[in-house]
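Remember, predicted model here, so these are calculated numbers, not experimental data. As a basis for the values below, the full set of heavy atoms in this structure was taken, side chains included, without hydrogen atoms, waters or symmetry mates.
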Amino acid sequence: MRLVGDGVLALDEDVNTYLRGWRVPDGEVPVTVRQLLGHLAGLTPTPGKGFQPGDAVPTLLDLLHGSGPATTAPVGRDLEPGTVFRKANVHYSVLQQAMTDATGEPFHQLMRTLVLDPLGMRDSSFDQGFPVMPGRVGKVALGHDAEGRQIEGGRRIRPDAAAAGLWSTAPDLAKLALEIRRSALGRPLALLREETAAELLTPHRDTFYGLGTVVDATGADTQFGHGGTPTGYHGVSVTRLTAGSGLVVLTNGDAGEHVVKAIAAAMDTV
């Protein structure tokens, strides 16, 4: 959304305008940035739970082309764009490639420049080598399965970093949520323009999904946020737009779903 606000990307432009190393297969209806952000692009899902450290890891282009160490089929069209909501990591893989191609910057560095550094998110990174960087070894929580056993390798490497490759902390994610709120309320020096934030927090028809976040505007206060379930972890972030209250819960276990649900239920009583 920062790139949209700066005029580098346009929400309703054919994403093939920006893509270089891979393109969405031709079709009668173009796939747009807005549709990708809202999981309305109808691309074929590319199931995957990441790669163990030490294994051959495909690049993002490998995943899109279905080549190299990738074990999934090439990404193609499945449903007419704009007609069906279907949450799939592939939509954010295409966005990641479009952002990289449009700017010429590696995705992890681009996200540091656009979001992480401006918000002071010093303990966050999309770099898949983050857990073993100097000063980080032994400080990053390793993942566990539903029985409490550490997953093999302790973590997974995600070339599809935009969809499932963020390393972060609860305080850092809270900074992000509060900045989205600040932008939506039109506060001075906000990272996004008010109208851009409004687009982000507007759910598509017949869904609870805006542009990159779940949005519930049915109650007394609009709530926005997102959950995540990468292998060995479970987490969620929820923020109330007007009140400014919310929660971020991160667990390093597949069984963390029970913790998240219990805390979310407690929040509903406050």
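- Between Leu36 and Leu43, some side-chain heavy-atom pair lies under the 4.5 Å cut-off.
- A heavy-atom distance below 4.5 Å is not found between the side chains of Arg205 and Phe85.
- Of the possible polar contacts, none joining the His108 side chain to the Gly129 backbone as a donor-acceptor pair under 3.5 Å is found.
- Residues Lys175 and Glu179 are not paired through a salt bridge, judged by the lack of any N-O separation under 4.0 Å between the basic side chain and the carboxylate.
- With hydrogens and angles disregarded, no donor-acceptor distance shorter than 3.5 Å links the side chain of Arg2 to the backbone of Val115.
- No side-chain heavy atom of Pro30 sits less than 4.5 Å from a side-chain heavy atom of Asn16.
- With hydrophobic clusters built from ILVMFWY side chains whose heavy atoms lie under 4.5 angstrom apart, Val57 does not share a cluster with Trp167.
- In this structure the side chain of Arg86 reaches within 4.5 angstrom of the side chain of Pro45, judged on heavy atoms.
- Under the 3.5 Å distance criterion, the side-chain polar atoms of Asp216 are matched with a main-chain donor or acceptor of Thr218.
- In this structure a side-chain-to-backbone donor-acceptor pair under 3.5 Å is missing from Tyr18 to Glu13.
- Not one N or O on the side chain of Tyr209 forms a donor-acceptor pair closer than 3.5 Å with the backbone of Pro203.
- Using a distance-only test at 3.5 Å, with no hydrogens or angles considered, a donor-acceptor pair links the side chain of Asp254 to the main chain of Gly232.
- No side-chain donor-acceptor contact under 3.5 Å links Gln52 to the backbone of Gly153.
- Using modelled atom types, no side-chain atom of His234 and backbone atom of Ala255 make a donor-acceptor pair closer than 3.5 Å.
- For Thr242 and Asp221, the side-chain atoms include at least one donor-acceptor pair closer than 3.5 Å.
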